[in-house]
Amino acid sequence: MQADKLLVNFSQIFCPNDLGHPLRGAEMDEAQIIEHGYIAIKEDKILEVAAGEPSASLIGKATEIVDYSGKLATPGLIDCHTHLVYGGSRENEFSQKLNGVPYLDILAAGGGILSTVRSTRSATFEELYQKSEHLLNEMIVHGVTTVEAKSGYGLNWETEERQLKVARQLNEDHDIELVSTFMGAHAIPEEYKDRSDDFIELVIDEMLSKVKAENLAEFCDIFCERNVFTAEQSYRLLSAAKELGFKLRIHADEIASIGGSKVAADLHAVSAEHLMVIKDEDIDLLSEANVIGNLLPGTTFSLMEDTFAPAKKMIEKGMAITLTTDSNPGSCPTANLQFIMQLGCFQMKLTPIQVFNAVTINAAYSVARNEKVGSLDVGKQADIAIFDAANIDFPMYFFATNLVSQVYKAGKLVVNERQRLE
Ligand code: NIG
Ligand code: FE
């Protein structure tokens, strides 16, 4: 069959294995790495990926051939945990952070997430849309083609709905595909101070069914943390969400270990997030229950802490992990997934193969888009990131610089020479 596009002469092509489940344990050490190869695209899909030169049968009169000598190709990167849609920013808390004021103390004093809740409640749909679009534009030039986006800066129906509708509209309008998560239980709103059970009831009884009825989110998430929501409240909310057909995630073991991982394992959540202070026995629980660990080393970095999630140990114990930004205005204000991948190497001592598997095939499973993206298997959507690098080691070693030069989304060139094409 003739290709519409032939991307030729890559120095290296990174092809993760799609084994029908997230790569776990030693599977994360494997991938097909093609030296000097090409990618053939037909319409929006991968037609062929192989070493050497394309055969004549792939080339027709209309075939566009692009020379990518010296470059690396990987599947489009997937950022599987972000708090994309929000109002305002929080640089005003930066000096407190520098002076060592803990994240949860800033929250307890009405700042942190609650400060962003105030800015988000007062922002219009258009304001939220523009701000989120700007972030997506930054993400795509860094090689990201699919993004998970959580609500959770409304904590009331009106604003949660607005956030989710912004994400839905951007999914229509932007080249990046968005996967929505409802996170109405992200903090205890000021009007429910000391009445967190009542707030959980409100989220369960009034918000969940509306999200479902309007089909505004596919996943449900909650912040299970000391002084935020307990493991019991998390279990209650997530089991109600599961009954309604939501897939589950949970922010667990970020600052204090209070049972969130066990909730994830018991309810067979798709993923558990953060896991910086996870206990060894909870790693075993997540591993046995096949819960993906979505790890966020940029959050440890940005909180100026030194406890990173024990990624190596998780892999040794058979878990599947991803790396993701947590992009949000407080604990990780960034749009650069490449830097997070580098932290995976520099701080967690992951190998480049483990890192690229984490942000491609495993992240695709984490957002339930594994049948469509996450690898370069024939028939998958042609989402491709192209790096100014001869191999996968280079973009890990040459840090804090955007090395993505081109991005294809569904077969279409959407970033060229590091610039987004409109
Ligand atoms: O994943 N930990 C809870 N939520 C976010 C932070 C949100 C914020 O600080 O605005 C996180 O780190
Ligand atoms: Fe988060």
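Counting starts at 1 for both ligands and their atoms, following the listed order. Owing to the predicted nature of the structure, the values given are computational and were not obtained by experimental measurement.
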**Message:** Can you check the angle at the Fe ion (ligand 2) formed by NE2 of His83 and NE2 of His81? Round it to the nearest 10°.
**Reply:** 100°
**Item:** Residues Glu138 and Asn336: side-chain donor-acceptor under 3.5 angstrom
**Value:** no
**Request:** Salt-bridge test for Glu148 and Lys150: reply yes if a basic N is under 4.0 Å from a carboxylate O, no otherwise.
**Result:** yes
**Request:** Measure the shortest side-chain to side-chain distance between Cys345 and Val355 over non-hydrogen atoms and say whether it is less than 4.5 angstrom.
**Result:** yes
**Asked** Within His274, is some N, O or S atom less than 2.8 Å away from the Fe ion (ligand 2)?
**Response** no
**Asked** Is any side-chain N of the basic residue among Arg118 and Glu190 closer than 4.0 Å to the acidic one's carboxylate O?
**Response** yes
**Message:** Is it the case that atom CZ in Phe125 sees more than 12 heavy atoms from other parts of the structure closer than 6.0 Å?
**Reply:** yes
**Asked** When you check the gap from the basic side-chain N to the acidic O, do Arg121 and Glu158 get nearer than 4.0 Å?
**Response** no
**Request:** Decide whether the shortest distance between a heavy atom of Ile113 and an atom of ligand 1 is less than 4.0 Å.
**Result:** yes
**Item:** Nearest neighbour of atom 12 (O) of ligand 1 from the list Pro333, Gly112, Ser331, on a heavy-atom basis
**Value:** Ser331
**Item:** Side chain, backbone, both or neither: the part of Glu273 lying under 4.0 Å from ligand 1 by heavy atom
**Value:** neither
**Message:** Looking at the Fe ion (ligand 2), is there an N, O or S atom belonging to Asp221 that lies under 2.8 Å away from it?
**Reply:** no
**Where the Fe ion (ligand 2) is the vertex, angle from Asp326 OD1 to His251 NE2 to 10°** = 160°
**Request:** Could you tell me whether Glu191 atom CD has more than 12 heavy atoms of other residues or ligands within 6.0 Å of it?
**Result:** yes
**Message:** Test of understanding: given a 4.0 Å heavy-atom threshold, classify the contact between Glu225 and ligand 1 as side chain, backbone, both, or neither.
**Reply:** neither
**Prompt:** Which atoms from ligand 1 have a heavy atom of His274 less than 4.0 Å away?
**Reply:** 1 (O), 11 (C), 12 (O)
**Message:** At a threshold of 2.8 Å, where the distance has to be below it, does the Fe ion (ligand 2) have an N, O or S atom of Cys332 nearby?
**Reply:** no
**Message:** Under 3.5 Å between any N/O of Tyr103 and any N/O of ligand 1: does that happen in this structure?
**Reply:** yes
